[in-house]
Amino acid sequence: MKLLIKNIKSLIQVEESPRKWVAGADMKKLPTIENAFLLIEDELISDFGTMEKCPVEADEIIDATGKIVSPTWCDSHTHLVYHGSREGEFEDRINGLTYEEITERGGGIHNSAKNLQNATEDELYEQAYARLQEIKGYGTGAVEIKSGYGLTFESEMKMLRVARRLRENTDMTIKATFLGAHAIPLEYKNDREGYMNLLINEMLPAVAEADLADYCDVFCEKGFFTPEETDRILKAGWKHGMRPKIHANELYYSGGIQVGVENNALSVDHLECTGDAEIEALQGSETMATILPSTAFFLGLEYAPARKMIDAGLPVALATDYNPGSTPSGRMSFVLSLACLKMDMTPEEAINAVTLNGAYAMGVEKELGSIAKGKFANILITKKIASLAFLPYSFGSDLIESVFIKGKIS
Ligand code: NIG
Ligand code: FE
């Protein structure tokens, strides 16, 4: 089956030779072909170029006059398997409580854990599947999904089984991450070592044995897991073949970035509290700095210093953090707008951060994240728009007209 998209106003993020990521000053460059065609054969991109070289025959032809065609977004950090919602805590925050105070009272992650422990696997699956469909409509073609609202052996396994079932029932690319170390469960409040033991000696081996996770995550933060505990968990994860991808420096300068880089994490995520020492730790590493600006927006935190990171030569990825507590939104276009408006990223930098760099941050840069021959045909077509900058500028608008996953419209 040959699908030809022709008369494309701008075909963005095209790539002749493979790159693993885009870093520093290069992030301002977004390779683009104006007045372009894109040819898809079955699941894969087979050719692209200017309209002068456009093939004449195909099984199906789409005219994209006035529209931008882009690789779909890679959302490399979500918690989209969860049950219920937490708008009560949203109101508590409006009335003056902080996110940490809510957690200390047994709310926050514990609230979602209680909810999830009582949900059946089918209920969980149905809610998560709906969210998956929702984000696909926003232009997301690949997503990483974490556990971490189980916090018991059985419920962590249940979450990861749901993530696997999602993977089996969609053409979207899904990576799963074990985040048993999301919070110390209330019943282990006075026995941290007991939970560490459960994580390292029971949960991790069982997750690995059932091949339920690609990566291992820890919420390394004051009030959650210390850098020393994080180090032990990450080393245990590596023993089971799970590369780290961690939550770091969201609320404090907590040492999370350093411990992540020391353990060769694929990504360190959040990074609201990032200074010179953290940037230095990231320089020269293989770890992607991943920023989640809709979390800072929702919790009223300082935004991560993206500009400083990029100016220091780092690659930066952007993701949603879709979860019930700190970011009840999986809308990547809003992340793009926040990146430009609140972190002074240019539209080109923001697009690089949600395509190729997002792909790297979830380990799929060889098959997704750019328009390249042989990569999966996960692409989105916008409505007719004035220019690339119109995407982040027009925040809140639905500008994605159609989304193709592995060459099929969805
Ligand atoms: O990435 N920071 C840790 N975990 C999630 C939110 C947890 C929650 O409140 O449910 C996050 O923001
Ligand atoms: Fe998160």
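We use all heavy atoms of the structure for the numbers below, so side chains are in, but hydrogens, waters and symmetry mates are not. Just so you know, ligand 1 is whichever comes first in the structure, and atom 1 is the first atom listed for that ligand.
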Chemist: Answer yes if the ring centres of Phe297 and Tyr303 are under 6.0 angstrom apart, and no otherwise.
Modeler: no

Chemist: Closer than 2.8 Å to the Fe ion (ligand 2), do we get an N, O or S atom from His270, backbone or side chain?
Modeler: no

Chemist: Looking at Leu368, Leu380, Asn378, Ile135, which one forms a side chain to side chain contact (heavy atoms under 4.5 Å, CB included) with Trp73?
Modeler: Leu380

Chemist: Within rounding of 10°, what is the angle whose vertex is the Fe ion (ligand 2) and whose arms end at NE2 of His77 and NE2 of His247?
Modeler: 90°

Chemist: Mind checking what residues have non-hydrogen atoms under 4.0 angstrom from ligand 1?
Modeler: His77, His79, Arg86, Tyr99, Ile109, Tyr149, His182, Phe219, His247, Glu250, His270, Asp321, Asn323, Gly325, Ser326

Chemist: How about His79 and His247: are their ring centres within less than 6.0 Å of each other?
Modeler: yes

Chemist: With no hydrogens and no angle check, just 3.5 Å: does a side-chain donor-acceptor pair link Ser267 and Asp269?
Modeler: yes

Chemist: Going by atom types alone, do Thr320 and Thr78 pair a side-chain donor with an acceptor below 3.5 Å?
Modeler: no

Chemist: Are Arg161 and Tyr125 close enough that a side-chain donor and a side-chain acceptor fall under 3.5 Å?
Modeler: no

Chemist: Identify, by name, the N, O or S atom of Asp321 lying closest to the Fe ion (ligand 2).
Modeler: OD1

Chemist: Mind listing the side-chain donor-acceptor pairs of residues 311-319 below 3.5 Å, one per line with the distance, residues two or more places apart or on another chain?
Modeler:
{"from": "Asp311", "atom 1": "OD1", "to": "Arg307", "atom 2": "NE", "distance (Å)": "3.4"}
{"from": "Asp311", "atom 1": "OD1", "to": "Arg307", "atom 2": "NH2", "distance (Å)": "3.0"}
{"from": "Asp311", "atom 1": "OD2", "to": "Arg307", "atom 2": "NE", "distance (Å)": "3.4"}

